[in-house]
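The first residue in the sequence is number 1, and the count goes up from there.
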Amino acid sequence: MASNNFELKQIGHMLHTIIELLKHLNSEKSISGIYTQKELLSLLSISPNTLKSWENKGLKRLEPPIEGTRTVYYRIDDVIDFLSSN
(Lines give C-alpha, C1' and ligand atoms only; values in the text may rest on other atoms or scores of the structure.)
Protein backbone atom coordinates (compact mmCIF):
# COMPACT_ATOMS: atom_id res chain seq x y z
CA MET A 1 0.00 0.00 0.00
CA ALA A 2 2.81 2.44 0.87
CA SER A 3 4.44 1.65 -2.46
CA ASN A 4 1.25 2.63 -4.31
CA ASN A 5 1.09 5.95 -2.44
CA PHE A 6 4.70 6.66 -3.34
CA GLU A 7 4.06 5.87 -7.00
CA LEU A 8 0.95 8.09 -7.03
CA LYS A 9 2.99 10.95 -5.55
CA GLN A 10 5.65 10.45 -8.24
CA ILE A 11 3.01 10.50 -10.97
CA GLY A 12 1.45 13.60 -9.47
CA HIS A 13 4.83 15.34 -9.37
CA MET A 14 5.57 14.43 -12.99
CA LEU A 15 2.17 15.72 -14.11
CA HIS A 16 2.77 18.98 -12.26
CA THR A 17 6.20 19.24 -13.89
CA ILE A 18 4.79 18.67 -17.38
CA ILE A 19 2.09 21.30 -16.79
CA GLU A 20 4.72 23.82 -15.68
CA LEU A 21 6.79 23.07 -18.76
CA LEU A 22 3.80 23.52 -21.03
CA LYS A 23 3.06 26.90 -19.41
CA HIS A 24 6.60 28.01 -20.16
CA LEU A 25 6.32 26.91 -23.78
CA ASN A 26 3.91 29.82 -24.22
CA SER A 27 6.41 32.33 -22.80
CA GLU A 28 9.07 34.32 -24.63
CA LYS A 29 11.62 31.64 -23.79
CA SER A 30 9.81 29.24 -26.10
CA ILE A 31 11.32 30.99 -29.11
CA SER A 32 14.48 28.93 -28.64
CA GLY A 33 13.05 26.29 -26.32
CA ILE A 34 16.50 25.91 -24.74
CA TYR A 35 17.17 26.32 -21.03
CA THR A 36 20.38 26.29 -19.03
CA GLN A 37 20.73 23.70 -16.32
CA LYS A 38 20.23 26.39 -13.67
CA GLU A 39 17.06 27.69 -15.37
CA LEU A 40 15.63 24.18 -15.69
CA LEU A 41 16.35 23.35 -12.04
CA SER A 42 14.57 26.53 -10.98
CA LEU A 43 11.66 26.10 -13.38
CA LEU A 44 10.94 22.54 -12.27
CA SER A 45 11.90 23.01 -8.60
CA ILE A 46 14.07 19.91 -8.72
CA SER A 47 17.49 19.13 -7.31
CA PRO A 48 20.64 18.64 -9.37
CA ASN A 49 20.57 14.99 -8.29
CA THR A 50 17.11 14.54 -9.81
CA LEU A 51 18.29 16.05 -13.09
CA LYS A 52 21.37 13.81 -13.09
CA SER A 53 19.12 10.79 -12.46
CA TRP A 54 16.97 11.81 -15.44
CA GLU A 55 20.11 12.07 -17.60
CA ASN A 56 21.15 8.58 -16.50
CA LYS A 57 17.70 7.36 -17.58
CA GLY A 58 17.98 8.97 -21.01
CA LEU A 59 17.31 12.73 -20.85
CA LYS A 60 19.43 14.38 -23.53
CA ARG A 61 21.54 17.39 -22.69
CA LEU A 62 23.20 19.86 -24.99
CA GLU A 63 26.77 20.91 -24.46
CA PRO A 64 28.20 23.81 -26.43
CA PRO A 65 31.01 22.97 -28.85
CA ILE A 66 33.25 25.58 -27.21
CA GLU A 67 36.19 24.17 -25.26
CA GLY A 68 36.32 25.17 -21.62
CA THR A 69 32.63 26.01 -21.38
CA ARG A 70 30.86 24.15 -18.61
CA THR A 71 27.34 25.39 -19.27
CA VAL A 72 24.84 22.61 -19.97
CA TYR A 73 21.60 23.23 -21.85
CA TYR A 74 18.37 21.30 -22.32
CA ARG A 75 15.70 21.47 -25.00
CA ILE A 76 12.31 21.83 -23.38
CA ASP A 77 10.86 19.41 -25.94
CA ASP A 78 13.40 16.77 -24.87
CA VAL A 79 12.43 17.25 -21.22
CA ILE A 80 8.71 16.92 -21.98
CA ASP A 81 9.33 13.84 -24.14
CA PHE A 82 11.44 12.28 -21.41
CA LEU A 83 8.90 12.95 -18.65
CA SER A 84 5.96 11.75 -20.72
CA SER A 85 7.70 8.49 -21.62
CA ASN A 86 8.68 7.57 -18.04
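- Applying the salt bridge (Lys or Arg N to Asp or Glu O under 4.0 Å) test to Arg75 and every residue at least two apart in sequence or in another chain returns Asp78.
- Ser53 and Thr50 form no side-chain donor-acceptor contact under 3.5 Å, judged by distance and modelled atom types alone.
- Atom OH in Tyr35 sits 5.0 Å away from atom CD1 in Ile76 (nearest 0.5 Å).
- Considering all non-hydrogen atoms of both residues, Arg61 and Tyr74 come closest at CB-CE2, 3.4 Å.
- No donor-acceptor distance shorter than 3.5 angstrom exists from the side chain of Ser42 to the backbone of Lys38, with no hydrogens or angles considered.
- Rounding to the nearest 0.5 Å places CD of Gln37 at 8.5 Å from NZ of Lys52.
- Looking only at side-chain heavy atoms (C-beta outward), Leu62 and Val72 stay at 4.5 Å or farther from each other.
- Counting only heavy atoms from C-beta outward, the side chains of Leu51 and Leu44 never approach each other to under 4.5 Å.
- Listed here is the closest heavy atom pair of Leu59 and Val79: CD1-CA, 3.8 Å.
- Closest non-hydrogen pair, Thr36 versus Tyr73, comes out as CG2-CE2, 3.5 Å.
- Leu41 is not listed as a side-chain neighbour of Ser47, based on a closest heavy-atom distance of 4.5 Å or more.
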